[in-house]
Amino acid sequence: MHTPDFDVVVVGLGAMGAATLYQLAKRGVKVLGIDRFTPPHDLGSSHGDTRITRQAVGEGAAYVPLAIRSQQIWRELESELESELDVQLFEQCGVLVMTSSATAPAADSAADFTKHSIELARRNGIEHEVLDAAQIRQRFPQFAPIHDSALGYFEPGGGYVRPERCIEAQLTRAQALGATWIGGETVTALANEDGLVRITSQGRSVTAGKAIVCAGMWSSELLGAPFDQLLRVCRQTLYWFKLAQPTPFAPRSPSFIIHGASEAETCYGFPPVPGEGSMKIATEQYSATSLPDTLDRQVSSAEAEQMYRQLVAVNFTGVTPQLVKSAVCAYTVTPDSGFIIDQHPRLANVTVVSACSGHGFKHSAAIGEALAQRCVDGRSDVDLSAFSLQRFSSGQAL
Ligand SMILES: Cc1cc2nc3c(=O)[nH]c(=O)nc-3n(C[C@H](O)[C@H](O)[C@H](O)COP(=O)(O)OP(=O)(O)OC[C@H]3O[C@@H](n4cnc5c(N)ncnc54)[C@H](O)[C@@H]3O)c2cc1C
């Protein structure tokens, strides 16, 4: 076997790749990162100012240790970069998960998500409060009206992280610790060669002992089967509406997830980030799929008007119809909405990390750490076995 050019090459430097590069560099690994754009950028799945973080992750118990560890890593990074950071990476403003509808009791499955969060918090000793409609009205007047059937889960330790800043911070630290990274270069092929992995991009061809592919919505394009059968790219739209003056939406107002009576009444959002006077809100859609290169990246005025009419005007007080900005982002979704973090089924020493089905950011720092631990120690502190590819062929989807 020849000596590889690098111990590890990380393909894609968004949320997952930047975290992995940083954690590998921290462990003294000779690592190269390559991205098709210059991260942080607004063309993948990690832009839009804010991402919700919560510890009682209603999507499943396997996620809880990743969310908790990621919050610790954001704080570690904040202290490592103290003099260089002008804002916090992690705003611990709390998170409110609510099953609530302005018009009718919410659907049972939606109630399950809030109840599941409560159960997980109880089981894992996560600080939280369970709120009924009267308590939500009294504590959080910005969410109004609230149906009498509403159920709330409030986690004071949750809040939001700043995705672009987290990526930038980890790339900055990685570089300071000896990592090399290159932007504006697309990896076009991965192949096994003489016990190593050969990584070919537009600009170079290098060998590595291992490769970790974090290519987000471009994963299918780069990796082919079986990922092209498992991953769907779903366009999502984000809206920032100007707050009224005065407004109950203080900067320390919690991030929120509202499960309404139907998918159309379900949304999530954020308080204004420090220094800005708008509230960000978004819905989720899983029915229409897109291709990364032809994704419609414009939000139309009709979409913005519909969002205000159907969700903002109905669920909140103190928010004006004035659209401050909007963005398009994409979820890359697996059949069970869980993550894929596993070895490539045909390429030895290649690990694939999916773009995590629209709920990955809050876990990304710890995923990077776990991948680096696996490379260096052969095992990770957090168990990643729930995210295997095998579950799709054995019918044991999450
Ligand atoms: C609208 C929206 C809201 C979300 N809200 C939340 C939330 O509140 N909380 C939460 O936890 N998660 C949330 N998520 C999910 C989370 O943001 C994603 O799971 C996560 O950011 C995905 O990170 P990634 O690294 O997999 O993908 P990306 O950040 O997109 O990174 C992939 C990178 O790979 C690069 N790349 C691709 N192909 C190649 C190639 N061939 N060669 C070189 N480079 C390549 C791309 O340029 C890109 O930089 C949300 C996602 C979206 C879209």
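As the structure lists them, so they are numbered: ligands from 1, and atoms in each ligand from 1.
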**Q** For atom 32 (C) of ligand 1, what is the closest protein heavy atom, and at what distance to 0.1 Å?
**A** C214 O, 3.4 Å

**Q** If you have a sec, work out which protein heavy atom is nearest atom 34 (O) of ligand 1 and how many Å separate them, to one decimal?
**A** G12 CA, 3.2 Å

**Q** Return yes when Y268 approaches ligand 1 closer than 4.0 angstrom through a heavy atom, no otherwise.
**A** yes

**Q** For atom 21 (O) of ligand 1, what is the closest protein heavy atom, and at what distance to 0.1 Å?
**A** S46 OG, 2.7 Å

**Q** Could you check atom 14 (N) of ligand 1 against the protein and tell me its nearest heavy-atom contact, residue, atom and distance included?
**A** G358 O, 3.2 Å

**Q** My understanding is that we take every heavy atom of each candidate and find the minimum distance to atom 37 (C) of ligand 1. Doing that for C166, A215, A18, which one comes out nearest?
**A** A215

**Q** Does a donor on one side chain sit under 3.5 Å from an acceptor on the other, for T237 and E303?
**A** no

**Q** Is the closest N or O pair between R51 and ligand 1 shorter than 3.5 Å?
**A** yes

**Q** Which atoms of ligand 1 sit under 4.0 Å from any heavy atom of G360?
**A** 11 (O), 12 (N), 15 (C), 16 (C), 19 (O)

**Q** Considering V10, D35, L13, T283, which one's heavy-atom position lies nearest to atom 48 (C) of ligand 1?
**A** D35

**Q** Are any of the side-chain nitrogens in E305 or R309 under 4.0 Å away from the carboxylate oxygens of its partner?
**A** no

**Q** Does the residue H41 have a heavy-atom contact with ligand 1, meaning some pair of atoms that are separated by less than 4.0 Å?
**A** yes

**Q** Would you say the side chains of Q23 and R27 form a donor-acceptor pair under 3.5 Å?
**A** yes

**Q** Quick one: look up the protein heavy atom nearest atom 44 (N) of ligand 1 and list residue, atom name and how far away it is.
**A** R36 N, 3.0 Å

**Q** Between the side chains of E369 and K26, is the shortest nitrogen-to-carboxylate-oxygen separation below 4.0 Å, so that they form an ion pair?
**A** no

**Q** Can you tell me the protein heavy atom closest to atom 27 (O) of ligand 1 and the distance?
**A** G216 CA, 3.7 Å

**Q** Could you label the plane-to-plane angle of the H359 and F339 rings as parallel, tilted or perpendicular, counting under 30° as parallel and over 60° as perpendicular?
**A** tilted

**Q** Please work out which of A355, A15, P39 has its closest non-hydrogen atom nearest to atom 18 (C) of ligand 1.
**A** A355

**Q** Between W74 and V87, is there a shared hydrophobic cluster once you connect ILVMFWY residues whose side-chain heavy atoms come closer than 4.5 Å?
**A** no

**Q** Taking only heavy atoms of L238, which atoms of ligand 1 are found under 4.0 Å from at least one of them?
**A** 1 (C)

**Q** State plainly whether the residues R36 and E221 are in salt-bridge range, i.e. N to O under 4.0 Å.
**A** yes

**Q** Please check whether M217 reaches ligand 1 - meaning an N/O of the residue sits under 3.5 Å from an N/O of the ligand, judged on distance alone.
**A** no

**Q** Go through the side-chain N and O atoms of Q72 and R75 and say whether any donor and acceptor fall under 3.5 Å apart.
**A** no

**Q** Are any of the N or O atoms of K362 closer than 3.5 Å to those of ligand 1?
**A** yes

**Q** If we check side chain to side chain donor-acceptor pair (under 3.5 Å) with R173, which of these qualifies: E80, E84, E168?
**A** E80

**Q** Please report the C-alpha distance between F387 and Y63 in whole Å, then the side-chain angles of each, then the deciding distance to 0.1 Å, and finally whether the ring-ring contact (aromatic ring centres under 6.0 Å, His included) criterion is met.
**A** CA-CA 10 Å; F387 312 125; Y63 298 97; 5.2 Å; yes

**Q** Among all protein non-hydrogen atoms, which one is nearest to atom 2 (C) of ligand 1, and what is the separation to 0.1 Å?
**A** Y331 CE1, 3.4 Å

**Q** Listed by chain and number, what are the ring pair (Phe, Tyr, Trp, His ring centres under 6.0 Å) partners of F241, not counting sequence neighbours?
**A** Y308

**Q** Is E185 near ligand 1, meaning one of its heavy atoms is under 4.0 Å from it?
**A** yes

**Q** Can you sort out which atoms of ligand 1 are near G44, meaning under 4.0 Å from one of its heavy atoms?
**A** 30 (O)

**Q** Below 4.0 Å from any atom of ligand 1, is there a heavy atom belonging to G48?
**A** no

**Q** Pull out every atom of ligand 1 sitting under 4.0 Å from any heavy atom of F37, numbered as shown with elements.
**A** 47 (O)

**Q** Judging by distance only, is a nitrogen or oxygen of M16 under 3.5 angstrom from one on ligand 1?
**A** yes

**Q** For K30, does the NZ atom sit with more than 12 other heavy atoms under 6.0 Å from it, leaving out its own atoms?
**A** yes

**Q** Tell me which protein heavy atom sits closest to atom 31 (O) of ligand 1, plus the residue, atom name and distance to 0.1 Å.
**A** G14 CA, 3.4 Å

**Q** Quick test of your reading of the model: are D381 and R69 salt-bridged, counting only N-O distances below 4.0 Å?
**A** no

**Q** When you look for heavy atoms under 4.0 Å from ligand 1, do you find them on the side chain of A330, its backbone, both, or neither?
**A** backbone

**Q** Once you restrict to heavy atoms under 4.0 Å, what part of H359 touches ligand 1? Side chain, backbone, both or neither.
**A** backbone

**Q** Are T53 and Q71 linked by a side-chain donor-acceptor pair shorter than 3.5 Å?
**A** yes

